[in-house]
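Taking it in order: structure first as structure tokens, then the write-up.
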Amino acid sequence: MAHTVGGCSLALIFIIVLLLVKANIDACKRGDVTVEPPHVISLGSAVNISCSLEPEQGCSQYPSFNMLILYKFNRRINFLHGHFLSSQVTGLPLGTTVFLCKLACSKNKELRICGAEISVGVVPEQPQNLSCIQKGAHGTVTCIWDRGRDTHLYTAYTLQLNGPKNLTWWKQCDHYCDHLDLGVNLTPELPESSYTAQVTAINSLGSASSLPSTFTFLDIVRPLPPWDIRFKCVNASVNKCILQWRDEGLVLLNRLRYRPNSSKSWKMVHATNAKGRYDVLDLKPFTEYEFQISSKLHLHKGIWSDWSESLRTQTPEEEPTGTLDVWYMKKHIDYSRQQISLFWKNMSMSKARGKILHYRVTLQEVAGVKVTLQNITEHTSWTWVIPRTGNWVVTVSAANSKGSTLPTYINITDLCGAGLLAPRQVSANSKGVDDIMVTWEHPGKAAPAVQEYVVEWRELHPRGDTPPLNWLRSTPYNVSALISENIKPYSCYEINVYALSGDQRGCSSTWGNSKHKAPRRGPYINAISEEKGSVLISWNEIPAQEQMGCILHYRIYWKEQDSNSQPQLCEIPYRVSPNSHSIDSLQPRVTYVLWMTALTAAGESPPGNKREFCLPGKASWSVFVAPSICVAVVIVGIFSMRYFRQKVFVLLSALRPQWCSKEIPDPANSTWAKKYPIMEKTQLPSDRLLTDWSNPEEPELLVINEVLQVTPVFRHPHRPNWPDKGRGVQGHYTSEEDAAYSAPSLPPPKALIAETGQLVDLYKMLGSRGPDSKPEHLTSPLTVLSVDYLPTHEGYLPSNIEYLPSHEDPVTDSLEELEPQHICLSVSPSSSLHPLTFSCDKKLTLDQLKMGCSSLML
């Protein structure tokens, strides 16, 4: 078979050479290029290259211009006019170099004559590290070697194997070959028989052979990897587990390696003549393991097989060991109740030794005998409400399918009750993106009593659900702890350090963050109000994702509106006032613009929203007392003058509505006029009247006794008709104090009241009566008439006298008997009131007397 492969290779080479020769004949019809020595040379050798032009192949138009040019790749190295050119070339590099000869008949035209390739290489180096191997008892022999440096020439490698009984096998491979499979199987019948292998490298410049490699069957045979690996534990106990597999029959030695899946290092054991079985005794319960097995045919000779495929399996559970790490928190609900929250950490796999199914929590008062409460939960926390009185003990234990741990006892006491145990100078500093270093000092004289420290932390402003409580325990000699569990950058954490001594605890707290920068924005002011002369500012908390660390201070800025001055500020520690603060330095009745910022250790945030506010000023008595006194003095001075007083009352009378004016009785409808209907006229001494009017100090009072009291009804200016008969009016009582009026001017009246059905003539004479005159009782229907008065030469006459009722109108209704009423009229002289001109005998008749209810005189 090997001879057949070698013959095929030689035939292929011969065909390639023929093709190249034919191509060379076709390409070199104008001339030829020769190389001395041949086309393959060793590195550093010189070569002579000659170019000859065939007859009649020169330039046809200019035979004397024939110029031969020699190119090395595309670079001109020599030229000559004529039909022959020779040149010696040295310093050729490793590899192949191409030379080309051309004929130039003009400056712009060159014709290719022929070319040559020169290969530069080195002699092959001796192959090194020859080794052979046979995979399995039924495999074939394969050898490998190091071929050394590259020869840059075509190099063939031949592998030859010599065995007992003059057996020889050989095989050749092509260029750049470094391994060969002879296809020969060595049998174990003669395991101690020797075999010799050798490899030879051959190229155009020489050859080199490796040192012979001698071996036996047991030396080169590599067994196949074990297969069908199985694992089981007796009685579901990790104390005795069996690993089984299948192997080749000639194997005498095995090695096993195994490790937990969480580990990177292997544990390895050797088993001699194991026959596919091994007892593993040091495994951990409820742990996933990876197993691999390798084999060898001889204890001291031979090659280990490849590792088998991995077997991954989990060991059975065992009863958990150790105790839970439990911590707690207390919160007062009211005066009689408190809430306790218990937290515990998940047990490690080495202690849990199985899947924890549940936790058992018991609560008991120290003075009590029975357990107050017992609960089973699958969570790692538990909350309950208990009385604030009494001492309480809590136990927590974990259970899996094989058993439970010993209970952990916790005495529920005040975590910060012992002030002497409080650690001093607690601080937190960043130690990277996910770490915070917490440091503290021992609590002074109480330091020897400290049994351990507990460092507790939780996120101050959680971005989702309730943040988990994290804690770690430290020895009483440590004064620092690095916390990294559940630490996120740009988040603020509340950190408490507790010192434990028996049932007593002391605590100190601080804030910290692993990484921080200035907040992204300032607080949002939502309300500004006045409170007891101060300004109360309320704001919304900055969202947790925009705080970017622990906020140390708030700053409130304010300045006057449209002012270019620097704003004033007030800095507030974050813990003192989380969302409101009052300032008392604002001036009343001044508009201010206020805004806020927040500060972390990295810097100050941009300003928040801006709000305008003006503090209202308090009422000042000095502002109102002085003007009030001045106004009062002026008013008193004005009203002390009678002239101004009268003008004011006239103005008020004109502005007052008529329905609230004082009524002046109508003398025509008085009891006196009805009692004496036959009296046409009553004499009034004009001289007495004039005398009385001339004396303004003592005006004469005219007394009119009237039985019926009525309220005037005024006619609408657009309704000239009389009202319907029989419509009643209400009586109006007028006291004697309200009966006296001063009349400096008498405006014309607008209405006249008619009281009787058989009304006497309107023109009754007004006579004087004594004060002791008594009115008669009159029973008659009541009619309201509207009368306008017109001036005449005798005084004032009614303009609608034709509408007055006659004497013959029947009486349809009767009035109740009314008590008499006295009305006093004060008649005073005035510039607007002149003496009347009497028509006869100086008598004053009613149609000459103008009386109205709209004029009030003092």
Is the backbone N or O of [Y] less than 3.5 Å from a side-chain atom of [X], with the two atoms forming a donor-acceptor pair by type?
{"X": "Thr597", "Y": "Pro607", "result": "no"}
{"X": "Arg360", "Y": "Gln374", "result": "no"}
{"X": "Thr591", "Y": "Cys614", "result": "no"}
{"X": "Ser294", "Y": "Arg255", "result": "no"}
{"X": "Asn478", "Y": "Ser480", "result": "no"}
{"X": "Tyr328", "Y": "Thr413", "result": "yes"}

Going by distance alone, is a donor N or O of one side chain under 3.5 Å from an acceptor N or O of the other, for [X] and [Y]?
{"X": "Gln451", "Y": "Ser501", "answer": "no"}
{"X": "Ser401", "Y": "Glu317", "answer": "yes"}
{"X": "Thr439", "Y": "Ser427", "answer": "yes"}
{"X": "Arg257", "Y": "Gln292", "answer": "yes"}

Less than 4.0 angstrom from a charged side-chain N to a carboxylate O is my criterion; do [X] and [Y] meet it?
{"X": "Glu494", "Y": "Arg458", "result": "no"}
{"X": "Asp325", "Y": "Arg473", "result": "yes"}
{"X": "Glu604", "Y": "Arg555", "result": "yes"}

Check the orientation of Tyr289 and Phe291. Use parallel for under 30°, tilted for 30 to 60°, and perpendicular for over 60°.
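Tyr289 and Phe291: tilted rings.
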With a 6.0 Å cut-off on the ring centroids, do [X] and [Y] count as close?
{"X": "Trp327", "Y": "Phe343", "answer": "no"}
{"X": "Tyr359", "Y": "Trp382", "answer": "no"}
{"X": "Tyr453", "Y": "Tyr498", "answer": "no"}

So, is the end of the Lys345 side chain (NZ or CZ) under 6.0 Å from the ring centre of Trp471 and within 45° of the ring's axis?
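Ring-cation test returns yes.
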Within 45° of the ring axis of Tyr490 and under 6.0 Å from its six-membered ring centre, is that where the NZ or CZ of Lys517 lies?
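Because its charged atom sits under 6.0 Å from the ring centre and within 45° of the axis, Lys517 does stack over Tyr490.
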Euclidean distance, Ile293 CD1 relative to Ile229 CD1, rounded to 0.5 Å
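CD1 of Ile293 is found 4.0 Å from CD1 of Ile229.
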